[in-house]
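Right, one structure below, let's go through it.
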Amino acid sequence: MSLDTTSHKVPVARNTADLRAAVAAWRAEGSTVALVPTMGALHEGHLSLVDLVRTKADRVVVSIFVNPTQFAPHEDFSAYPRTEAADAAKLEGKADLIFAPDAADMYPEGFSTTISLTGVTEPLEGQFRPTHFAGVATVVAKLILRAMPDIAIFGEKDWQQLMVIRRMVADLDIPVEILGGPIMREADGLAMSSRNVYLTPAERKAAGKLNVILKETAASVSSGRIISDATRDGAEKILALGFDKLDYLEIRDAASLAAFPDDRPTSPARILVAAKIGRTRLIDNMPV
Ligand code: PAF
């Protein structure tokens, strides 16, 4: 095993052999293992996932990999913040190991496999980022199969992603428990995201009101308004805040993300939004 123990205080595995050797040593001591997949640029939201999963497993691996296959050509792959040293400092005393492979290690020449799901991947993000979830599902399957953790945890901010991963793990009989961690919010309720650093001060102010509109729209449906009326009003309010484009504002079945044919929730529901302000696309969601 040749872990990188010099770059940061938390040891770093850069390939599968080193990751597996570390996990095998923990297994030999009888420890349980959790994986927190991330793309780095860690904020309080990620750290809350590490803290939460630490209460459920003896050892915690945080993976940091900006996965090229989940970005479309016009998206922000090259601009995506890469802050390994700062991320590693934030993980001191929290994570036992960082797994930070490079793209050639994850996708060596000849790599030919893609995991693509139907159903839950199709609406919402699937309409606007048609190749995104295949990239996510494939990389998450690889990360889980490399680490073979007992538990893997994902933030609820990417609610549809969490549902896609649960579906994939169930469909492929991957022996891992998938946990969701609650959305961490700034003081004004803006959902924490690595992309919030792109916001100008004026955009940041408007972005902080998105969650208020979600709450109001969800509350009006809970008190009997039909979904289409409530979301139409919510959409107008979002655009009035100064958002440039609303990709969607929808209330869907929380697990399958199917629409409600009667225009009223008939099972546990979630309100989900994606909207663009300036060059930043924000997503958020909450229960209805
Ligand atoms: O949510 C993310 O940061 C990414 O989509 C994930 C799950 C780490 C896969 O690259």
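Start at 1 and go down the list; that is how both ligands and their atoms are numbered. Keep in mind the model is a prediction, meaning the values are calculated, not measured.
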Identify, chain by chain and in numerical order, each protein residue with a heavy atom under 4.0 Å from an atom of ligand 1. Pro37, Thr38, Met39, Asn67, Gln70, Val139, Val140, Phe154, Gln161
Using the ring pair (Phe, Tyr, Trp, His ring centres under 6.0 Å) rule, take Phe71 and Tyr80 through it: C-alpha gap first, then chi angles, then the decisive distance, then the call. CA-CA 10 Å; Phe71 291 80; Tyr80 199 85; 5.8 Å; yes
Do the side chains of [X] and [Y] get close enough for a salt bridge, i.e. N-O under 4.0 angstrom?
X      : Y      : result
Arg225 : Asp263 : no
Glu216 : Lys237 : yes
Arg167 : Glu122 : no
Glu75  : Arg281 : no

Pair Ser2-Asp18, side-chain donor/acceptor within less than 3.5 Å: yes
